[in-house]
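Below is one structure, written out as structure tokens, with a few remarks after it.
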2 protein chains.
Amino acid sequence: MVISMNLWLHFSSGYISLAPSLNFLPVALFELQMAPLRYISLVYSRPKAAYELQWHRGPVYLTEISLDVDADRDGQVERNNPNKGSWMWGPNGHGAILLVNCDSEHTCRKSLDSEHAEVTRVSDLKDMSPMVLRTSGPAKLPEGYKLTMHISQGDAECVRVFSVENPLVGGEDLSKEVPCLWGNAEMNFYVEGLRFPDKDFEGLISINLSMLEPSSQGFPETPIFTDRVVFRVAPWIMTPNTLDPVEVFVCSTTDNDPFLKRMRRLVKNSGCKLKICPEDMNRGDRWMQDEIEFGYIDSPHQRFPVVLDSPRDGDLQDFPYDVLLGQDFGYVTRTAYGKEVSSLDSFGNLEVSPPVTVNGKNYPLGRIIIGVAFPTATKGRNMTKVVQDFLWAQKVQEPIALFSDWLLVGHVDEFMTFVPAPDKKGFRLLLASPDASYKLFRGLQNGGHGQAKMFDGLGAEEITVDEILSDEKLKAENNYVQSCIDWNRDVLKRELGLDDDDIIDLPILFHVMENRAVAYYPDMVNMIVLGKNLGIPKPFGPKVDGRCALEAEMTSLMEGLGLSCTYIDDFASYHKLLGEVHCGSNVRREPFSFKWWNLEM
Amino acid sequence: MVISMNLWLHFSSGYISLAPSLNFLPVALFELQMAPLRYISLVYSRPKAAYELQWHRGPVYLTEISLDVDADRDGQVERNNPNKGSWMWGPNGHGAILLVNCDSEHTCRKSLDSEHAEVTRVSDLKDMSPMVLRTSGPAKLPEGYKLTMHISQGDAECVRVFSVENPLVGGEDLSKEVPCLWGNAEMNFYVEGLRFPDKDFEGLISINLSMLEPSSQGFPETPIFTDRVVFRVAPWIMTPNTLDPVEVFVCSTTDNDPFLKRMRRLVKNSGCKLKICPEDMNRGDRWMQDEIEFGYIDSPHQRFPVVLDSPRDGDLQDFPYDVLLGQDFGYVTRTAYGKEVSSLDSFGNLEVSPPVTVNGKNYPLGRIIIGVAFPTATKGRNMTKVVQDFLWAQKVQEPIALFSDWLLVGHVDEFMTFVPAPDKKGFRLLLASPDASYKLFRGLQNGGHGQAKMFDGLGAEEITVDEILSDEKLKAENNYVQSCIDWNRDVLKRELGLDDDDIIDLPILFHVMENRAVAYYPDMVNMIVLGKNLGIPKPFGPKVDGRCALEAEMTSLMEGLGLSCTYIDDFASYHKLLGEVHCGSNVRREPFSFKWWNLEM
């Protein structure tokens, strides 16, 4: 008699007695009632484990097969998690996590090709997500039966599965037989991500394991059982100024020794390392901020920094790949279509806010900030689409687009930054403010310091407070600049949930060149933030009683937050070249303690 | 004195006294303290309303500008909802909703082109989402200032905004000046969606309104203020068998009069309408199930049915566009790349489950079910990618892929359906089961009815129970079929959270032609479900005491659920052509009462 069977037995049901340790059932138990069996799916529970026992026909074998992953995100591959086949965000969520294996053991530039199909070092295995095939049952499957691991066409370009040192599925191979280790066995697999989430890839990947019955009498192979696990590829995460600095990167050039000297002292005082990119590597390109953005990827089993290489590709372009990429230091880039790269593609135009809450919605990893053209502009410059798409697709730091095209260089770091604060939201937004600058200058004039000179000691540059205040063209230009910053201020308040108390206006003037704005004196908001130490472009403001009035104002504004200001002379080597301290440096920071998979989306 | 101002006044703060009805502030109030003002953003609250009052320079005007939508989803456009600029799922969520204007007033086939840029009928306006620009302030803006509505390049192909009868932005036009109606005015806009969510379009659209200051002294126009609203395009939603039927569609052919007669009676008894597609329209293509799938789109302001036209494109291909598409009856289709359409692209291979809860996750609109090749197959047939992408992108009925390629025709409706039930989960999954059929036939044989004939009265087809049971080849074929169905059963249990009690096995045999399976006798699971009435292919099973044993078994299984079985002879006109009642019919159903935007994602 043939009976179709799909029998679920539970210990609690008392239907049949099974010892919890039993994972191979004697045939006789069943044969009395039903034979030959076609299919038995048997689940029993014990604390933190559920087992699915599978099948067979003929003389009855019961075989347990489970493809297991770390679906509960505790760093361990548990047995047959009932949620392993789906993915859910949040602290009560579930689903395994995959890293893009983009560090030096496994990276090739700008594309992933098959030559990298071998895992040559054991160190690389720890970047991969462990996956375990657990079997128990008879020592051997009946003739012709086989286990096959398979993935979809779409997923194949996003994932690769290794069996110890051999590639199994991924790339060209969608399906492969798994050599069976029967009896009670565990077989280890290692899974690596090949692609970050992007516009056309949400980040979810399924890996399937099927037992196939041999074909007979002209029928195709029949699937008897399929187990499935789901991974999400970890997003690339940026680090805001409020996170502790680890390493500071600057370039050495023929003309920046004094700058390096001040930076060295500041970095040392801040307790982190200074890494200097030598001239033979930077080839005179000093804009360390613009070529790269530091971030990281994180999973329950591994975490490492990943540098995003800008499509800007100045003379610093080889630095991230040749120097930064290393063991446990990943690399990712995006190549712009055609020649559509502009100054807005430099990563001085890519920042990230500290954690915020906006109308009840939490952003515990902050929000990415980019600068674009004003949307009504017909000929504006923008950050290139492929990079914007990449940033949006990471999802966990939902981007905000500001208007930065009003600036000649066009970077958001020219008018804004964030500093840590002991109170309120834990940070302040600093904004460049021509109005604050005019107010300060008028105060000086009213206080009898109209003849105090800016740019004192810089020779031909010198100009008095009275002269600045009487320059109607400069005033009109700064009215325009203030309007542009005010518009961004409004967006930032709305999108970050800020009050006016969360914002500090810094006295900074701009002037207009080629219809777009540049800083009139060193742009103090373009600072480097290292914990409580700020490295600020020395503004060379008018001196009152021997002290620079701009520095005094700046220091007074920051002191209240417990921050210490170091003014760094970048006038000749950066400011005159249309950048400042922030443009000329970069900081790798500690990752967030908050785990991205605990986000509630 | 110039002061940068961003002043927030609250009634509760007592800082300044404003009457709640006041929306134009006298200049003098402010001039004492600060003038000229550049920017004032003023918020005051009263029950259920928040107003943002804006700006001006020179002599002070305060102007309220708000672009408003139905962000609280109550069918009314409220004033300046603080959440109008973002979109959140769920009963506590927010964000306005847009319909794809795909009914006859506004549809063109397979692409949307500019010739449809005029709104010619008022009836069309109600398919669009209302949007209101509310202004109050001085009767006229100062010279040169203008309001501009603008959208992003990416959104332009997905949305169009009309100002009464004139297109404003969308398509080629990313930005347009809005004619200002000042004083206290309301200007109505109508927004239509142009694209359903898809692989490359999540469904979210932003519309911006900016006030621009005229350019002067060579500076570009300056944005003074931008207001933004966000819409989500409503997804296309399928309707499961558990929803009440409204209209039944069948084809009239030269050979199906008896079938039509039985259908007419069944449909009448079920209280819905029968629509017959005449032969000059169907050109002999009787597979009404396969050419189309009925669904609907829903918003707080409007709802209408939308037919998804299959890329199958048999001789019925003109029917959905020429007949179904109408006023308040939408149309959408997807065109396959190249020639990659197979039998799996017919919509007998596209079904939807009733609402389910799986491991605590709710699917109150059910889950879409499609059939594909078994994933390890190298030469399998699949539903074409563009249709799969479309279905996945709708998000609210997350699809499940079953294995249907083992069938010659390859449709999921050949081995499964859902019927309503008064108990448990509110439905049962019915599965074709060769094992159940063999069990029934063996029971007949054991009961002395081995000589009872199948296909009685159908002439050459007749065959006895004994002959069927002794056919070893048929048995082997059905073992294979049962394995394929069992595999799908396992997927359905896991993905729909079903127990064995939720599934009923129907006695159905298959046989194998060209290595793939077809029903051996009329496939009872391929039924039409009209409330409590089931229209079931008459199986022509062996007769015991004058009654068909298969019908008796089927009726007995359904009776317990309060369902009434009508057996319809489709043998010559459908079964012999490899389809049955379900393949030859289609049902438009009532929409869900559950609103898709209340889903928690």
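Keep in mind that this is a model prediction, so the values were computed, not measured. Keep in mind that the numbers below use all heavy atoms, side chains included, and drop hydrogens, waters and symmetry copies.
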Euclidean distance, B:F201 CZ relative to A:K199 NZ, rounded to 0.5 Å: 9.5 Å
Spatial distance of atom CZ (A:F374) from atom OG (B:S210) [nearest 0.5 Å]: 3.0 Å
Below 4.5 Å from any heavy atom of chain B, which atoms of [X] appear? Answer side chain, backbone, both or neither.
{"X": "A:L212", "answer": "side chain"}
{"X": "A:E202", "answer": "neither"}
{"X": "A:R494", "answer": "side chain"}

Chain A contacts, top residue of B:K361, B:M88, B:R228 (heavy-atom pairs, under 4.5 Å): B:R228
B:S152 versus chain A, the contacting section by heavy-atom distance below 4.5 Å: neither
Which of A:N359, A:T226, A:D200 touches chain B most, by non-hydrogen pairs under 4.5 Å: A:T226
